[in-house]
Amino acid sequence: MFTEVLLALVVGGVIYFLVQRSKRHQLKSEDGWWGEGTPMDGEEDLSIRPYTVRTDDEELEDLYRRIDQTRSFPSLEDSQFTYGFNSHYLQKVVTYWRHDFDWRRQVEKLNKFPHYKTNIEGIDVHYVHVRPKNVPEGVTAVPLLMVHGWPGSFYEFYRMIPLLTEPSNPDDIVFEVVCPSIPGYGFSEAPHKKGFDSVCAARVFHKLMKRLGFQQFYAHGGDWGWIVTTNMAQLEPKIIKGLHLNFAPPSKPGLPVVLSIMLGRSFPKLFGFNEHDIQRIYPVVQNLVVESVKESGYMHIQATKPDTVGRGLNDSPVGLAAYILEKFSTWTDHDFRNLDDGGLTRKFSLDDLLTNVMIYWTSGCIISSMRFYKENFSKGLDQPHSKMPVHVPTGFACFPNELMHTPKLWVQQKYRELKTFTPMARGGHFAAMEEPELMAQDIQNFTKMQEKRK
Amino acid sequence: MQTIEVLKQAISSLDPTQQQQLLVAGSAVAVGGLLTCYYWVYQGTKAKRIPIGGGWWGAGEKPQSEDEKVFPFQVQTSDEEIQDLYDRIDRTRYTEPLEDAGFQYGFNSTYLKKVVSHWRHQFNWKKQIAILNKYPQFKTNIEGLDVHFIHVRPPHREGQRVLPLMLVHGWPGSVYEFYRILPLLTDSLDSLAFEVICPSIPGYGFSEAPRKQGFNSLAAARVFHKLMERLGFSEYYLQGGDWGSLITTNMAQMKPECVKGLHLNMLTSKLRGFGVLFSILIGRYVPWLVGFTREDVRRLFGSVGFMERNIYEIIRETGYLHIQGTKPDSAGCGLNDSPVGLAAYILEKFSTWTDFNNRDLEDGGLERKFTLDDLLTNIMIYWTTGSIVSSMRFYKENLKTNIDNRLDNNTGVYVPTGLAAFPNELMHVPQSWARDRFRNIYSYSYMPRGGHFAAFEEPQLLADDLLQFVKKVEKL
């Protein structure tokens, strides 16, 4: 009798334990309010207002005057881009900016897609909303949300949008695309209160999509966009039909990741490592530790003193350009640090790069964009969402020169329903801007696979 | 032969237990003897100095001969320069701070506007320049760089002994940090006074910036030795904090015969090594066992614990070190165009490094220990010389190779050393840890108040401690 009771208790306990573990934890989040002062009583403003990017002579004259009064400082001899943005090449970029870059023409280009603003949780959220023009009979366009990162903006997606909304291949899916600006970035208002982290951004974007009438949609992101869309999938897994990412560093290296690092070189097949994986991971200390330390100074200071480090950049357009464009050089390929021109124009045009910088300059958002780092890191790296796995179908595009390389095994630790993992032929951190065709194609492949499952 | 026989007989006459005891005792003596021999040999061969080396930092190729003249120098300004500053200040594009953020996100923009308003309307740069120029200043070319320095000789007083002393500043400071302590050292009625040299580190203020890579603290140490030599000094005292602490330490390691005494107000510890780690673990409970005083325990552990006070605080406050140690050109570029940006960046340190609690204040507690005029004069030195980028590069030059493995980090300091431990310094290093490196500590003082910018904030306390240390060395 006694032993039966004991056995029942033990079995019961084990079942309870197993059930608890497999129960899918859902991320919880409370409403916030980010406007100035206290929220006013009354109805929330749900209106959607069309928005046009504008400029005027005054703005341009002020920019040119500041550029003309730049006090440059020569780089050390033979230092290329190893101390940061090289002064000689910076001079060339700035000359182009001053005399050849046509901001008015770029503004027209920005406005070729419709922009809107709407007030959510007390702040105006900006987004681009592109409805496809030619949708075949009996087909509805698939809604897709694309979220940018730092130091990028919605503009990174501009070359990709036509490939998604007007695909040349008749078998391809036609998308309806929404590209918001994270609050504090570009034309979205910056939060006035402390605490606006990626989960808050995720909740705000869910509200946005609901307000636009979408019950379900796909989401794509890289850099901060990765965490924000991942949080969206964790908050409302039933609403996110599919999650597509090009950046997913492991937030909590568990046993499989650690083991793979220790044994992966000797037993690559065991962990599913291919040659590229081996090359990017080993030697471990050099690639994972030293490189990270070399490149994460910006993250360290932005996560601790954003108001200090951004202060000068909001007055000095050249300083802002140097700070931001250094990333477009180094994060596209680490070897670019050893080039006199940082390899900047090998993958991007100066017009595109400067347009992105101008979005930061004209909106004056550099400080608020940096605060996002502090909001996300200051509570520690042990946030509930970083420990929670993701159970939404996921597709991962693995670009060879991404900042942090993640082999399939590592991505699978968090993304439990990894449907596609594509080693891409070329490209770095700013993949959407650098290789829009490759990225669009991978999004197509992933979405097609998901849609067929219905 | 015979002695062995006698010994053998003596041993065999003992009973087994006694033989065992003898064996144990004998082994202990042997092992102890071996260890002592090894330690003695090791200590003997451990380097007591570091090589002097050489360098050339000017643009292009090194010329045949070096120009050794010493030129007088005066700080100057023009209406143009001041007007340009005002234009830029007037065109600052402010960003509102987050509500209730104090100084936690960096320099608070609301308070920044007040500082800038004083700068724009009350601060008198011409008057400050007159103050700067009240001490004679010079420049001389060493290893291809024009090195700026202040040279103050005390007025002649009967019976007063005068000793040469070099004070070295750090980042984001300058020679101006020493302007409050200089009169206490050079113009006192004490039996001892100092003839003081305050150089600007190359790349800072009025000293020319290196054009070539690799100018680290060892290079600065060598350049400063050459400076003293050129001025005719063969023996001198050194005092430093921040980078000045490392540079003067290197100077003591390079030419110990020239350094009569080394006085520091900032130390760092590697936080490595069995002794240090062991003392962290048990030091709170049995301080006397690991050589901690009660004051050490209070400063290391405080009310928040070791990890919080030392590790987490350091992580929170070293973002600037990380970015300056890797991408100085990117970090400094914007600061050279925006005087307000430069002020915010630099003054944040004068707030936080004076007292960590200042981060919770709306005004960062800035004017509690410093006047705005003094703070802005320091900023103006960085602004008018455009030296912010080169000042930041010093971090990369020192940190780009693993500093732990650098020769000077593994070499001891054998000159008479005096250490002044200020309570709000970034990191507290107890004497028991300092002894690892500093083998000849003459004085270790717990200062009653003061933070990182000790000379600027508490000049009397620092001067007093320096004086008592020098008197000890001089046996006065």
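Numbers restart at 1 for each chain; the letters A, B, ... are given by sequence-line order, proteins then strands.
Checked by atom type and distance alone, the side chain of B:His322 pairs as donor or acceptor with a backbone atom of A:Val293 at under 3.5 Å. Under a 3.5 Å cut-off, the side chain of A:His300 and the backbone N or O of B:Arg316 do not form any donor-acceptor pair. With hydrogens and angles ignored, the 3.5 Å screen pairs no side-chain donor or acceptor of B:Arg93 with any backbone N or O of A:Asp315. Proximity of a side-chain donor or acceptor of A:Glu77 to a complementary backbone N or O of B:Ala59 within less than 3.5 Å is not detected. At least one donor-acceptor pair under 3.5 Å links the side chain of A:Arg66 to the backbone N or O of B:Arg91.
Under a cutoff of 6.0 Å and an axis angle of 45°, B:Lys327 and A:Tyr298 do not form a cation-pi pair.
With B:Asp329 as reference, A:Tyr83 is the one residue of A:Tyr83, A:Tyr323, A:Phe81 to meet the side chain to side chain contact (heavy atoms under 4.5 Å, CB included) rule.
Counting heavy-atom pairs closer than 4.5 Å to chain B, the top-ranked of the candidates A:Ser296, A:Pro317, A:Pro74 is A:Ser296. Taking A:Cys365, A:Ser368, A:Ser75 one by one and counting their heavy-atom pairs under 4.5 Å with chain B, the maximum is reached by A:Ser75.
The environment of OH in B:Tyr312 is sparse: at most 12 heavy-atom neighbours from other residues, nucleotides or ligands sit within 6.0 Å.
Across all their heavy atoms, A:Gly319 and B:Cys333 have their closest contact at CA-SG, 3.9 Å. In plain terms, the two heavy atoms of A:Gly35 and B:Glu99 that are nearest each other are O-OE2, 4.1 Å.
Atoms OG and OH, from A:Ser378 and B:Tyr105 in turn, are 6.0 Å apart once rounded to the nearest 0.5 Å. Rounding to the nearest 0.5 Å places OH of B:Tyr320 at 11.0 Å from NZ of A:Lys305.
In this structure, the side chains of B:Leu342 and A:Arg311 stay at 4.5 Å or more apart for every pair of heavy atoms. In this structure, the side chains of A:Glu375 and B:Leu98 come closer than 4.5 Å at one or more pairs of heavy atoms.
With a 4.5 Å cut-off on non-hydrogen atoms, B:Trp383 touches chain A through its backbone and its side chain both.
Side-chain contact, A:Thr308 with B:Glu348: a donor N or O sits under 3.5 Å from an acceptor N or O.
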